[in-house]
Amino acid sequence: MRLLKFSLLAVLLIAITSCNQANKKMMELIPENSTFVMAINPSKVIDHTGIKVSDDGKVELPGAFKDLVTGEHKQEFDKAMAKFASAAMDPTTNVYVYFNFANKEKVSGVLLATTKDASKTKTAIEKELNLKFKTANDIEMLSYHDFNIAIKDDILAMFGGKDINADEYVKEVFTKKEKSVLDNDNINKVLNDDSDINYYVNVPSYMEFLTGLQPQASLLSGFLTGIYGGGVNVSLADNEISTKSELFADDNSDIMKLLNDIQGDASSDFLKYMPANAQLICGASIKGDKLADFAQVKSALQMASNNPAFGNADMVGLVKSINGPIAFGLSCDIKSPLTTLAGTFVITTAKAKEWKSLIDNLLKLQGGSAINISSEAKSDVVIIRFGMNSNLALDASSNVDAKNLFAENFSGAWIGLNIDGMNMFITSGAKDLKHATGKFYINGKDGKKMAFGDYPNFFMSLKSLMPAPYSSSYEAEPDSDFDYEDYDTVAVDTTDY
């Protein structure tokens, strides 16, 4: 028995090591300065979503998805999956996708994957596209319109892009980079996380690309100096989509110093001013005194103070008075959203009366609105009510999920939607500027998390409750009592108009 356990452990370690080596081999081909890099673990995605794939390529879809793909569609789907199975791709290793926007004239995208049998992969692709691979420099490549597929050893690459010389570019794709993503600790950390899907965005590279398209973006690019990039890890385990994200930046940069200065303390106290049956609540805690002292913000506020529309309000002083959450809550009946939509907007401030005066003045200048809007000043907050329901009940303090979310995070969002006894929840929160988490899941009528395969039940119920869209076309029915022959056609001279 010990020998059997040892043998199984040895096989597992060999398999893991083999997968890691294959992933490393592909990561060595991805340039460090790529604008966007994504790593997908196919075996985890398949396992966590409940999809079952047999050795001959037949796919068994989970739950309600079975009812959506039937008949001819199911046959076509099975054929497509059988073809994919014949390509002998390796689902135990990652699939990598990266884009490099460094040259806006030649934006390129590359997909890298591992094959278990290059010969079978080549044969399956040739059969599907009715084309033949050509060999050059130990690389086999096939071009289909502007799309290219290449195989070298056990790595398959798919790439395309604007004005790319495929014969030259394919050499670059399979060349081990002098500086790859493996050489960047931040990117390496993100892509090697034990999640289903991981991706990293290179902020300087993206801003360089954006500036090339719109020169005005250079202003934003300068403002973001010091932010290197951001990573997101997505897990599909436990029948939910959970995310964790991390911002990589220089803490001593101007932008990070500013953001750190204006970050307020986490608080859920504002929930008592949110709609009692809110479907959406979002908020962020702000230190207004630090925000108002920032040069660009202060200049804009001073200009606003000199605008008669603001009634000569001291905008700098008002923003400085903000000392906690700024929050927004929304409530409506999904069956009739246009007539039930209502919500509140709350500002935590030491100058609630002055904020109310400003808001009332702006509303007066607006000259009325199709929806009810009113303001109310409390000792530490100003509340703006809006919507079709003027008697909207407030206090969402009993919402335990929202209360826990905002008590632990300085910034966050909560969405809850009940449809036919099923409840969809989306939460997102940031405890600090560099780290955030999120979740998306649906509870069934039994109160337990629904399997991914049954998610269509919720969205089909939601669709059935949505009001039918208004038609933009109108055709009058003919009036049977009206005799058009009794009237002569009149020509109208429009030269004077």
Side-chain angles (χ1 to χ4, degrees), residues 14-32 34 36-46 53 55-57 59 79-100 106-182 191-192 197-199:
I14 291 172
I16 293 173
T17 303
S18 176
C19 291
N20 288 339
Q21 288 299 321
N23 290 338
K24 181 179 178 182
K25 189 177 176 181
M26 287 186 283
M27 291 177 72
E28 289 176 337
L29 304 178
I30 304 174
E32 181 189 19
S34 297
F36 174 88
V37 188
M38 175 184 285
I40 305 168
N41 188 317
S43 59
K44 283 190 175 182
V45 172
I46 291 171
V53 184
D55 292 336
D56 59 355
V59 175
K79 286 181 182 178
M81 294 309 300
K83 290 176 182 178
F84 181 79
S86 69
M89 300 304 297
D90 188 353
T92 64
T93 60
N94 287 344
V95 173
Y96 293 93
V97 179
Y98 70 89
F99 292 88
N100 198 329
K106 294 184 178 181
V107 174
S108 59
V110 180
L111 179 147
L112 299 173
T114 304
T115 172
K116 293 184 288 187
D117 189 323
S119 178
K120 287 184 178 180
T121 302
K122 175 184 170 183
T123 300
I125 294 173
E126 287 181 335
K127 183 178 179 180
E128 177 65 21
L129 299 180
N130 196 26
L131 294 169
K132 292 292 183 181
F133 278 87
K134 296 179 181 179
T135 305
N137 300 313
D138 297 326
I139 300 173
E140 295 184 276
M141 188 173 74
L142 176 154
S143 296
Y144 183 73
H145 300 299
D146 294 331
F147 188 69
N148 307 281
I149 304 174
I151 301 173
K152 183 178 181 182
D153 299 328
D154 60 346
I155 296 179
L156 176 141
M158 298 182 181
F159 62 93
K162 183 181 178 183
D163 300 327
I164 286 179
N165 183 326
D167 293 326
E168 291 299 320
Y169 192 76
V170 71
K171 299 176 187 177
E172 183 181 335
V173 169
F174 284 105
T175 298
K176 183 177 177 180
K177 304 302 182 287
E178 184 177 343
K179 279 282 190 180
S180 75
V181 290
L182 281 175
L191 297 185
N192 286 321
I197 303 169
N198 305 308
Y199 63 88

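Only this structure's heavy atoms are used, side chains among them; waters, hydrogens and symmetry mates stay out.
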Counting distance only, does the side-chain N/O of [X] pair as donor-acceptor with the main-chain N or O of [Y] below 3.5 Å?
{"X": "S34", "Y": "F36", "value": "no"}
{"X": "T121", "Y": "A87", "value": "yes"}
{"X": "K177", "Y": "E172", "value": "yes"}
{"X": "N23", "Y": "N94", "value": "yes"}

Any chance you could measure [X], atom [atom1], to [Y], atom [atom2], to the nearest 0.5 Å?
{"X": "L182", "Y": "E32", "atom1": "CG", "atom2": "CD", "answer": "10.0 Å"}
{"X": "K152", "Y": "E140", "atom1": "NZ", "atom2": "CD", "answer": "12.0 Å"}
{"X": "M26", "Y": "I155", "atom1": "CE", "atom2": "CD1", "answer": "6.0 Å"}
{"X": "L156", "Y": "K122", "atom1": "CG", "atom2": "NZ", "answer": "13.0 Å"}
{"X": "M141", "Y": "I151", "atom1": "CE", "atom2": "CD1", "answer": "12.0 Å"}
{"X": "I30", "Y": "M38", "atom1": "CD1", "atom2": "CE", "answer": "12.0 Å"}

Between [X] and [Y], what is the shortest heavy-atom contact and its length?
{"X": "L191", "Y": "N198", "result": "O-ND2, 3.3 Å"}
{"X": "A88", "Y": "T115", "result": "O-OG1, 3.3 Å"}
{"X": "S43", "Y": "N41", "result": "OG-OD1, 2.7 Å"}
{"X": "Y144", "Y": "L131", "result": "CD1-CD1, 3.6 Å"}
{"X": "F159", "Y": "A166", "result": "CZ-O, 4.1 Å"}
{"X": "E126", "Y": "L142", "result": "CG-CD1, 4.5 Å"}

Task: Test: E28 and K25 ion pair at under 4.0 Å - done: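 Not counted as a salt bridge, because no side-chain N and carboxylate O are separated by less than 4.0 Å.
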More than 12 foreign heavy atoms under 6.0 Å from [atom1] of [X]: is that the case here?
{"X": "K120", "atom1": "NZ", "value": "no"}
{"X": "F84", "atom1": "CZ", "value": "no"}
{"X": "F147", "atom1": "CZ", "value": "yes"}

Taking C-beta and beyond as the side chain, do [X] and [Y] meet within less than 4.5 Å on heavy atoms?
{"X": "D153", "Y": "F174", "value": "no"}
{"X": "M27", "Y": "N192", "value": "yes"}
{"X": "Y96", "Y": "V110", "value": "no"}
{"X": "L129", "Y": "I149", "value": "yes"}

Task: side-chain contact (heavy atoms from CB on, under 4.5 Å) between Y199 and V97, intermediate numbers included - done: CA-CA 9 Å; Y199 63 88; V97 179; over 6 Å; no
Task: Residues N148 and S143: side-chain donor-acceptor under 3.5 angstrom - done: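 Distance-only check passes for N148 and S143.
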TODO: For V95 and L111, run side-chain contact (heavy atoms from CB on, under 4.5 Å): C-alpha distance rounded to whole Å, both residues' side-chain angles, the deciding distance at 0.1 Å, then the answer.
DONE: CA-CA 7 Å; V95 173; L111 179 147; 3.9 Å; yes
